[in-house]
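Note that these values count all heavy atoms, side chains included, but never hydrogens, waters or copies made by symmetry. Quick note on labels: first sequence line is chain A, next is B, and so on, each numbered from 1. A quick note: this is a predicted structure, and the numbers were derived from the prediction, not measured.
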Amino acid sequence: MPPVVSISNLNKIYDSGFQALSNINLDINRGEIIALLGPNGAGKTTLISIICGIVNASSGAIIVDGFDTQTEYRKTRGKIGLVPQELTSDAFSTVWNTVTFSRGLFGKEPNPSVIEKILRDLSLWDKKDNMMMTLSGGMKRRVLIAKALSHEPEILFLDEPTAGVDVELRKDMWRVINRLRDSGVTIILTTHYIEEAEEIADRIGIISNGEIILVEEKDILIKQLGKKCITLKLQNKLDAIPEDLNQYELELSQDGRELSYTFNTTTTITPSVNNNDPSSNIATLIDKLSSNNIHFNDIDTKQSSLEEIFVELVANSKTNSNYMSKHQKKTLQEQQ
Amino acid sequence: MNYYAIKAIYTFEMARTWRTLLQSIVAPIISTSLYFIVFGSAIGSRIDEIDGIPYGSFIVPGLLMLSLLTQSIANASFGIFFPKFSGTIYEVLSAPVSSREIVLGYVGAATSKSLLVGIIILATAGLFVPLQIAHPLAMLFFLVMTCITFSLLGFIIGIWADNFEKLQLIPSLVVTPLVFLGGSFYSINMLPSFWQSVTLFNPVVYLISGFRWSFYGVADVNVGISIAMTLFFLCLASFIVWRIFKTGYQLRK
């Protein structure tokens, strides 16, 4: 199945010379939830703003469901709904009026039953006659989602949908997002809450300094890049690690009571062990510990979280300056 | 053409008018009525006729023009400035709407409001002074064209302004003085010849003169020139708006 959104060689350089996006290539599959993770200023909002038509790209192409966002913007924008990061709304409009306005703006004929269904699904029905200025932050966020859904889009962009909302509301929002995915809507969300991506995303893209560092299935990402640490609580104090265990790069605690073994979850990190199966390495390690008369009475395992993977990836990402030289900028302009 | 979008923007803007009825409709009517009472009745009764027209009636087209210009600019500039200021402009920019449709929605609503104010003021003027409309079609032409042109100008100001001060800058410091010095309360023939020539550089002179001709059949400048200038201003404002959308100035980064 072709991707519902295909981004090729996308660049964005602001007039100030700041390069917000650098050669972005990304395919988004129909019906998935993809989370774009990145620190503040990484380029997440710029990326979705370009796809939605709010910001002009410097170069590159974006195809939405087979249509070019530049030349066939009516078709592409009609398929997209956007929930912005900021809680922007017309303070003096009622919930009903502002959602109805959005539907009309996207070229759809008035349909009160559609609006009613959206408001009911988002638990906003009893607030339909309330003015926006009277709503809480969480409710305003829901109204922005309702506005974005009012024209029944196939693709929904959520720019930091749970920024600044409490834990309960955040989980409630995740349920809403999952329900939307179940109804067939493709969801692209930006967030810097790792927990959010871990909880609801199918795939994760990591953006740093305007570049996509990687895009991967969430489970595979955790499996491939994650590390596991096994800590053995020793029965007897150990003064030093025996020489024939050096190949495992074990770590002994200062009190000699704990022995830790950290390994990659898919491949061994111990080069001298000619085996790519970590579980078999662990078995060998335990055998060797036993043969060295090292016994343990408890075992503790810890899998690295997405947060740890994310922090490590971003830290390792290029730290090139975002400011292009005049020559680079000129060259890019000539290419356009 | 995305008619639903035009209707949505238009309806939204008109809804703001009804929400702010005192500010949108009642305030301009009261201020214009005060002009009629002060200049038309109190002071005007002591002024001779101008070009055979009683002074109170003579100032009607100028006062009407003053309201039309300020209202058109205020309505259109605020209409587009406020979504920019509050951030809700993202929705218009991300919608499948062309620049022409956006302009039709915002400028159409501002024009409608100004026309409404103009008609009410005209009716109010009839309560104070005797009115006659010698050329109704020409009057309608100048009325509608002025509302559209200055709503377009207001739209340009609303896009250009990045704070509330700038929003008021051109209407207060440029447009209002031009209207006052453009023959609203006097005939430019009453000025010394040097100032008559200088006044011809004031574009509002042509609007007021043409508009007054449509009422009483007398004009400071040839009506053909007034019509041509009115159309020229409309084309100029339309061209600037077109350029704004073409370049994304102050809208799309």
Side-chain angles (χ1 to χ4, degrees), chain A residues 12-16 18 20 45-46 48-58 67 69 72-94 97-111 131-132 144 147-148 150-151 153 157 159, chain B residues 1-24 75 78-106 108-109 158-159 162 243-253:
Chain A
K12 176 62 188 175
I13 306 164
Y14 286 104
D15 291 341
S16 62
F18 178 75
T45 300
T46 301
I48 65 171
S49 296
I50 291 174
I51 299 170
C52 294
I54 299 168
V55 172
N56 292 327
S58 300
F67 301 104
T69 55
E72 293 168 291
Y73 72 91
R74 280 191 197 272
K75 286 177 181 164
T76 62
R77 290 185 198 171
K79 291 174 184 291
I80 293 173
L82 168 65
V83 181
Q85 193 179 135
E86 305 293 332
L87 289 175
T88 54
S89 61
D90 181 53
F92 302 101
S93 283
T94 63
N97 285 346
T98 194
V99 177
T100 304
F101 166 77
S102 299
R103 183 175 172 84
L105 197 60
F106 278 75
K108 287 287 182 90
E109 75 285 354
N111 191 336
M131 278 210 282
M132 288 296 290
L144 291 183
K147 280 165 77 69
S150 64
H151 63 285
F157 284 88
D159 195 1
Chain B
M1 187 75 93
N2 187 346
Y3 293 106
Y4 288 120
I6 298 169
K7 187 184 167 198
I9 296 171
Y10 182 88
T11 310
F12 183 87
E13 282 299 299
M14 291 308 286
R16 193 158 53 78
T17 306
W18 309 129
R19 276 203 310 264
T20 56
L21 205 61
L22 280 175
Q23 179 200 330
S24 304
N75 289 328
F78 192 79
I80 188 69
F81 173 79
F82 197 69
K84 276 175 54 198
F85 175 75
S86 64
T88 55
I89 192 75
Y90 84 88
E91 206 174 10
V92 176
L93 296 177
S94 63
V97 194
S98 69
S99 51
R100 193 170 43 171
E101 290 152 3
I102 294 173
V103 172
L104 277 172
Y106 282 108
I159 288 175
D162 49 19
R243 282 295 299 166
I244 283 172
F245 280 100
K246 185 87 177 162
T247 58
Y249 172 74
Q250 296 279 58
L251 285 176
R252 285 192 171 91
K253 291 172 189 167

Atom pair [atom1]/[atom2] of [X] and [Y] - distance to nearest 0.5 Å:
| X | Y | atom1 | atom2 | answer |
| --- | --- | --- | --- | --- |
| B/Glu91 | A/Thr98 | CD | OG1 | 6.0 Å |
| B/Arg19 | A/Met131 | CZ | CE | 8.0 Å |
| B/Phe12 | A/Ser93 | CZ | OG | 4.0 Å |
| A/Thr88 | B/Tyr90 | OG1 | OH | 5.0 Å |
| A/Glu109 | B/Tyr4 | CD | OH | 5.5 Å |

*So B/Ser94 and A/Ile54, side-chain contact (heavy atoms from CB on, under 4.5 Å) or not? Walk me through it.*
CA-CA 6 Å; B/Ser94 63; A/Ile54 299 168; 4.1 Å; yes

*Under 4.5 Å, counting heavy-atom pairs only, tell me which of A/Ser49, A/Gly78, A/Ser102 racks up the most with chain B.*
A/Ser102

*Counting heavy-atom pairs under 4.5 Å to chain B, which of A/Glu86, A/Lys147, A/Lys12 comes out on top?*
A/Lys147

_Around atom NZ of A/Lys108, are there more than 12 heavy atoms from other residues, nucleotides or ligands closer than 6.0 Å?_
yes

*Report, as yes or no, whether the 6.0 Å neighbourhood of atom CZ on B/Phe85 holds more than 12 heavy atoms from other residues, nucleotides or ligands.*
no

_Per-residue contact mode, B/Ser98 against chain A (heavy atom under 4.5 angstrom)_ = both

*Given a strict heavy-atom distance threshold of 4.5 Å, which part of B/Tyr3 is in contact with chain A: side chain, backbone, both, or neither?*
neither

*asked:* For B/Ala8 versus A/Gly104, what's the shortest heavy-atom pair and its separation?
replied: CB-C, 3.9 Å

*Do you know which two heavy atoms are closest between B/Val97 and A/Leu105, and how far apart they sit?*
CG2-O, 3.5 Å

